[in-house]
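Bear in mind that the values here come from a model prediction, so they are computed numbers and not experimental data. In what follows, chains carry the letters A, B, and so on, assigned in the order in which the sequence lines appear, proteins first and then strands, with residues in each chain numbered from 1.
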Protein chains: 2
Amino acid sequence: MKGIHLLAKHLNVSIGTVSRALNGKPDVNAETRKRVLEAAEELGYVPNQSGRALRKGATGVIGFMMQTGSEITGHGDTFFMSVFDGVQTVFARHKLDLVALLCSSQEDPYDYLRRIVARGFADGLILSSTRRIDHRFDFLAKRKIPFISLGRSLTDVGQPWIDLDFEGMAQASIDRLVAKGHRRIAVTRPHDDTNLGYVFVERCREALANHGLALEEDLIFRSMPSEAGGYQIARAILACEERPTAVVLVNETIAIGLYRGLEEAGVKPGRDIAVIGRHSPHARFLSPSLTSFSLNLRDLGISLAETLLATMPLYAESYPQGPSRRLWPLDFVPGESDAFSPKQQPY
Amino acid sequence: MKGIHLLAKHLNVSIGTVSRALNGKPDVNAETRKRVLEAAEELGYVPNQSGRALRKGATGVIGFMMQTGSEITGHGDTFFMSVFDGVQTVFARHKLDLVALLCSSQEDPYDYLRRIVARGFADGLILSSTRRIDHRFDFLAKRKIPFISLGRSLTDVGQPWIDLDFEGMAQASIDRLVAKGHRRIAVTRPHDDTNLGYVFVERCREALANHGLALEEDLIFRSMPSEAGGYQIARAILACEERPTAVVLVNETIAIGLYRGLEEAGVKPGRDIAVIGRHSPHARFLSPSLTSFSLNLRDLGISLAETLLATMPLYAESYPQGPSRRLWPLDFVPGESDAFSPKQQPY
DNA sequence: ACTACTATCGTAAACGTTTACGGAAGCTAA
DNA sequence: TTAGCTTCCGTAAACGTTTACGATAGTAGT
């Protein structure tokens, strides 16, 4: 005898009563409920996940899908951990658990997702690392699984999303650099078809066009969104016949490798070239300090959680504003790395 | 009609036959099996997780417990992502799925674990961020849940573990620095009761004693295992009446903040003070390059997976070497940051 | 032709919950 | 007293699988 039966026998009541007592149903005597709660605490009883999920058709688990492998996301160390912490503060209120669904680099994300969903693993999903074309969206929409994405995609099935405002960052960065007299501005993007690369580069192109400038194709640098990728970008910049006088970095970690690569050639950010990047715990301690765009990751997590729950019938009433799509603003953080202006001291 | 019943009706066989065919049981006709497999593929059928888990008493899920929040582990995202990738290559062979169980910084890890285990969420667990005293170990042992830990603890219940060889790193670092003439050597440790702090500091103490030196208490720096923590350590070092001539960093990320903090005071690692730390994707691009200790994270993940499976009856036969405890060696990576020797050029 | 065996498959119970339903007891109002 | 209501609780079905068991048919041996 196990689980709820054990508890019921121990209390000399039926399993139905135990279940009702634990689930806060109305038709149970206050005294009985108290006894049940106490006994459950004492015996360390927690309802079996599988039995409950099987009966209720809901697991109480929300999955955050992400990919393993070292150089995939291009986020800094603590990016996801901070976001998760925000997500959980919301989920905890609804007795929901967040788990990270880890798609191996060996497996196709689409296949992985299909498996997870078919198994009925989670009641809702948050997708990250969205691609330009992302079949996961179609699949989830067809199966009517509640989900949102951190990041957009061309594959639009009407689901809510939250994405960082890379357009805003692109616009502000270009405007700022052009105002300082820069004409040859390099931009970076991930090597793969991650969506953010497209929106970022395209907006940079537009912003330059507004100033009568063209984004030159050989100044668009693709790289792994990692420190090593940043190092390669530095080498590529140094190898240019006509070097750019400024560079805008869309990923968090590449600034580290870029700094090193430039400095090895005696080119110092802020003195010999202007650099604008993304804020991160590391970037904060770069020297010279990185002019960058920052965001509150915990708040982002909270917003992700609320947006997802608003799409789920069971929880929607707590979030009357409804599901939405939202560009998350990036805040400008002044630094020393963009101090260089080509007007004053060409290199 | 759903799930296996649908598939069975579609094929005009019984659900028992479908189940047997999909699970590779012997008593099913080869032709029938082929039809079932094809139909399952076509209809995208995957057994429901809850039903299967309920019946089999096993979920096919292995949980890796970790804590969310930004400054907890002192590892980067990339640390765990790389380890996970190794773990999954092994698990994939057994059709096991790895999920990260994310304990919020708001919740007590012990309570969280109890909930997860009681719900029967995972068949096995890998614990990280082990504490000096860690009640999770007792609990899992009492419940006879298969688990291992990445990291040791004083709370020893006989479970297998893999831990990084911080003793070896301490020994080698101290020996190296003393040989270079250093006498005042600072060491770092996490601010909390993470186990690694104890073993690391104690071994440093022993290693110094072997050279007739004492580890001075005011040269043991506690900090968050983060970049910000490293910055604080730099400030503290600079504030010493009699500055240490060398410092050994046990966590990965603190070198970044330390470098910045020192450089702000004109103290350059490698020229004015010797620094030895841990290798990481960032550390690789620090300038001057960090003399450090490194490891192959993917291999560590593979070893973790194999060690866990060896403790699980269902899978143990594939891993005849049995469960074990293992200190994972850290490889010395030469760099420039420990070039300074107090004999030649005191600062 | 009868037995014994094998190959294949259907049936039904079980896993641990939740919940619809109904029943027993107590109370109120006529 | 009795009908009707309320409060509380027990019973049993259902969720989607897996698997022990038994049934059937075919095959081979005597």
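In terms of phosphate contacts, A:Lys25 brings no side-chain nitrogen or oxygen within less than 4.0 Å of OP1 or OP2 of C:dT18. One finds a side-chain N or O of B:Arg52 lying less than 4.0 angstrom from the OP1 or OP2 phosphate oxygen of D:dT18. One finds a side-chain N or O of A:Tyr45 lying less than 4.0 angstrom from the OP1 or OP2 phosphate oxygen of C:dT17.
Considering only residues two or more places apart in sequence or on other chains, A:Phe91 meets the ring pair (Phe, Tyr, Trp, His ring centres under 6.0 Å) condition with none of them.
When every heavy atom of B:Leu309 is checked against every heavy atom of B:Leu96, the shortest pair comes out as CD2-CD1, 3.6 Å.
Here salt bridge (charged side-chain N to carboxylate O under 4.0 Å, His left out) pairs that include residues 35-48 of chain A, with residues two or more places apart or in two chains, are A:Lys34-A:Glu38. Applying the salt bridge (charged side-chain N to carboxylate O under 4.0 Å, His left out) definition to pairs two or more places apart or across chains, those involving residues 139-152 of chain A are A:Arg152-A:Asp163, A:Arg152-A:Glu167.
Distance, B:Lys9 NZ to D:dG16 P: 15 Å, rounded to whole Å. Rounding to whole angstrom units, CG of residue A:Leu43 and C1' of C:dG16 are separated by 16 Å. Protein atom NE2 of A:His5 is 11 Å distant from nucleotide atom P of C:dT18, rounded to whole Å. Atom-to-atom, CG of B:Leu6 to P of D:dT17 comes out at 10 Å; the value is rounded to the nearest Å. With rounding to whole Å, A:Asn23 atom CG is found 9 Å from C:dT17 atom C1'. Atom pair A:Phe121:CZ and D:dG16:C1' shows a separation of 17 Å (rounding to whole Å applied).
Residue contacts for A:Ser19: at a heavy-atom cut-off of 4.0 Å it reaches a base atom on one of the strands shown.
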Inset, instruction - Treat primed atoms plus P, OP1 and OP2 as sugar-phosphate and everything else as base, then score nucleotides 8-15 of chain D 5' to 3': B for base contact with protein heavy atoms under 4.0 Å, S for sugar-phosphate contact only, - for none. - result: BBBB-BBB

Sequence neighbours left out, cut at 3.5 Å: what donor-acceptor pairs do the side chains of residues 311-319 of chain A make with other protein atoms?
residue  : atom : partner  : partner atom : Å
A:Thr311 : OG1  : A:Leu308 : O            : 2.6
A:Tyr319 : OH   : A:His94  : NE2          : 2.7

Indicate every side-chain donor-acceptor pair of residues 48-58 of chain A with a distance under 3.5 Å to a residue at least two apart or in another chain.
residue : atom : partner  : partner atom : Å
A:Asn48 : OD1  : A:Ser50  : N            : 2.7
A:Asn48 : OD1  : A:Gly51  : N            : 2.8
A:Gln49 : OE1  : B:Arg119 : NE           : 3.1
A:Gln49 : OE1  : B:Arg119 : NH2          : 2.9
A:Gln49 : NE2  : A:Thr59  : O            : 3.0
A:Arg52 : NH2  : A:Asn23  : OD1          : 3.0

